[in-house]
Amino acid sequence: MTGAAPPLVRARRLRKSFADVEVLRGVDLEVEAGQVCCIIGPSGSGKSTLLRCINHLEKLDSGQVHVDGELIGYRRIASTLLELSEREVARQRAGIGMVFQQFNLFPHMSVLGNVMEAPHRVRKLPVAQVRADALLALSKVGLRDKAQAYPKQLSGGQQQRVAIARALAMKPKLMLFDEPTSALDPELVGEVLGTMRALADDGMTMIVVTHEIGFAREVADLLVFVDEGVIVERGVPAEVLANPRHERTRAFLSKVL
C-alpha cells in the first residue's frame with residue numbers, strides 16, 4: 001500500500017528580515033495538490049513576503065521551500081545550499097504563476113500579445129502553439145473577445161483577468177495571488193473572484209493572500225491567519241472563522257467580519 005502523496009508546496013522554518021525587522025519568523029506551511037489556501041491577516045504581518053518567498057522573488061534568510069518536490073532557489077550539495085542562477089530560478093518560476101495587486105500589463109501590446117509574451121520568450125514554444133494556448137487562457141477568464149484590445153481599453157477587473165490569463169498561459173502547477181482585488185473598484189471585485197472560483201473548480205492549486213473573507217469561506221480548503229511573521233492559526237475556513245481558538249485571531253476577525 002502506497003503512502004499519501006507529498007504536499008505540492010512545503011515550506012519549512014522560513015525566516016526573512018528587512019534591515020532589523022524580522023518579517024517571517026519560522027513559518028511552516030503545506031498545501032496539497034488541488035487545494036486552495038487563503039492567507040489572511042493585518043497589513044504588515046508578512047503575508048505578501050511569504051508568498052514572494054515561495055517563488056524566490058525574495059531570498060530567504062533561512063528555511064526551505066519545495067514545490068512539487070523541487071527545492072526552490074537553491075541546489076543542495078552535501079549539507080550546503082548553493083543559490084541557483086537567475087536562469088535556473090526563472091525556469092522554476094515558469095511553473096509557478098503569480099498575480100499581483102497591480103496588473104503590470106504591457107500597455108503597447110494587445111491583450112493577446114501580453115498573454116503570449118512569456119510562453120514565447122521563456123518556454124521558446126512555436127508561435128502557433130503559443131497563440132492557441134493564449135486564446136484558451138483568455139477563454140478561461142472570459143476575455144477571448146478582447147484579444148485584440150489594448151490594456152487602456154479595459155476596465156481594472158478585465159485587466160486583472162488578463163493578468164490571470166497571462167499566468168495561466170505558462171501552464172503552472174501552482175498559482176499565487178497577492179491581494180488580487182485590492183486595486184479594484186468594489187463593483188469590479190466580483191468578476192475577478194469569479195474567475196478565481198472557476199480555477200479552483202478546475203483543480204488549480206492556489207495560495208491567495210486576500211482580504212476577501214467571503215471568498216476564503218466559500219472557496220478555500222485551508223485558511224491561514226498570519227500575524228507578526230508567524231502563523232497564529234490554520235484550519236478549515238468555516239471552523240477558523242466561526243470558532244477561532246486564539247485571541248489574536250478573534251480580535252482580527254471582529255474587525256473584518
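Treat the numbers as computed from the prediction; the structure is a model and nothing was measured. In what follows, every heavy atom counts, from backbone to side chain, and hydrogens, waters and symmetry copies are set aside.
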Nearest 0.5 angstrom please: [X] [atom1] to [Y] [atom2], how far?
{"X": "S155", "Y": "L188", "atom1": "OG", "atom2": "CG", "answer": "5.0 Å"}
{"X": "T205", "Y": "L8", "atom1": "OG1", "atom2": "CG", "answer": "5.0 Å"}
{"X": "K152", "Y": "L105", "atom1": "NZ", "atom2": "CG", "answer": "14.0 Å"}
{"X": "I54", "Y": "R52", "atom1": "CD1", "atom2": "CZ", "answer": "12.0 Å"}
{"X": "M116", "Y": "Q129", "atom1": "CE", "atom2": "CD", "answer": "10.5 Å"}
{"X": "Q102", "Y": "E179", "atom1": "CD", "atom2": "CD", "answer": "11.0 Å"}

Can you check side-chain hydrogen bond (donor to acceptor under 3.5 Å, both in side chains) on E22 and S17, steps first, answer last? CA-CA 4 Å; E22 192 172 26; S17 296; 4.7 Å; no
For T210 and E212, what are the C-alpha separation, side-chain angles and deciding distance, and is it a side-chain contact (heavy atoms from CB on, under 4.5 Å)? CA-CA 5 Å; T210 185; E212 303 291 340; 3.3 Å; yes
Steps toward side-chain contact (heavy atoms from CB on, under 4.5 Å) verdict (R161, L154): CA-CA 10 Å; R161 286 153 62 196; L154 305 180; over 6 Å; no
For residues [X] and [Y]: do they belong to one hydrophobic cluster (side chain heavy atoms under 4.5 Å, members Ile, Leu, Val, Met, Phe, Trp, Tyr)?
{"X": "M98", "Y": "I164", "value": "no"}
{"X": "L29", "Y": "F177", "value": "no"}
{"X": "M206", "Y": "L174", "value": "no"}
{"X": "I39", "Y": "L57", "value": "yes"}
{"X": "M204", "Y": "L51", "value": "no"}

[X] side-chain N/O to [Y] backbone N/O, donor-acceptor pair under 3.5 Å:
{"X": "N114", "Y": "F106", "value": "yes"}
{"X": "R123", "Y": "A94", "value": "yes"}
{"X": "Q35", "Y": "E32", "value": "yes"}
{"X": "T195", "Y": "E191", "value": "yes"}
{"X": "Q160", "Y": "F100", "value": "yes"}
{"X": "Q92", "Y": "L71", "value": "yes"}
{"X": "D28", "Y": "R13", "value": "yes"}
{"X": "S45", "Y": "D227", "value": "no"}
{"X": "K47", "Y": "P42", "value": "yes"}
{"X": "R12", "Y": "V65", "value": "no"}

Is K59 paired with E83 through a side-chain N to carboxylate O contact shorter than 4.0 Å? yes
Could you work out the complete set of other residues in the hydrophobic cluster of F225, with links drawn between I, L, V, M, F, W and Y side chains under 4.5 Å apart? I40, I213, L223, V230, V232, V240, L241, F252, L253, V256, L257
Are the side chains of [Y] and [X] in contact, using a 4.5 Å heavy-atom criterion?
{"X": "Y150", "Y": "H108", "result": "no"}
{"X": "R93", "Y": "R91", "result": "no"}
{"X": "P7", "Y": "V31", "result": "no"}
{"X": "V192", "Y": "M196", "result": "yes"}
{"X": "D201", "Y": "L199", "result": "no"}

Evaluation steps, side-chain contact (heavy atoms from CB on, under 4.5 Å), between F103 and L184: CA-CA 10 Å; F103 323 127; L184 299 178; 3.6 Å; yes
Does [X] have more than 12 heavy atoms from other residues, nucleotides or ligands lying within 6.0 Å of its [atom1]?
{"X": "K16", "atom1": "NZ", "result": "yes"}
{"X": "R131", "atom1": "CZ", "result": "no"}
{"X": "E228", "atom1": "CD", "result": "no"}

Can you name the nearest heavy-atom pair linking [X] to [Y], along with the distance?
{"X": "V23", "Y": "G46", "value": "CG1-CA, 3.7 Å"}
{"X": "R10", "Y": "E30", "value": "NE-OE2, 3.2 Å"}
{"X": "V219", "Y": "A200", "value": "CG1-CB, 3.6 Å"}
{"X": "A169", "Y": "A137", "value": "N-CB, 4.1 Å"}
{"X": "A165", "Y": "V115", "value": "O-CG1, 3.8 Å"}
{"X": "V99", "Y": "A163", "value": "CG2-O, 4.2 Å"}

Take L222 and V36 through the side-chain contact (heavy atoms from CB on, under 4.5 Å) test and state the conclusion after the steps. CA-CA 6 Å; L222 174 66; V36 176; over 6 Å; no
Residues at least two apart in sequence or cross-chain that pass side chain to side chain donor-acceptor pair (under 3.5 Å) with R197, listed by chain then number, are E218
Does the side chain of Q148 pick up a donor-acceptor pair with the side chain of S110 at under 3.5 Å? no
Ignoring hydrogens and angles, state whether a donor on the side chain of T49 or E58 is under 3.5 Å from an acceptor on the partner side chain. no
Of all residues at least two apart in sequence or in a different chain, which pass the ring pair (Phe, Tyr, Trp, His ring centres under 6.0 Å) check with H120? none
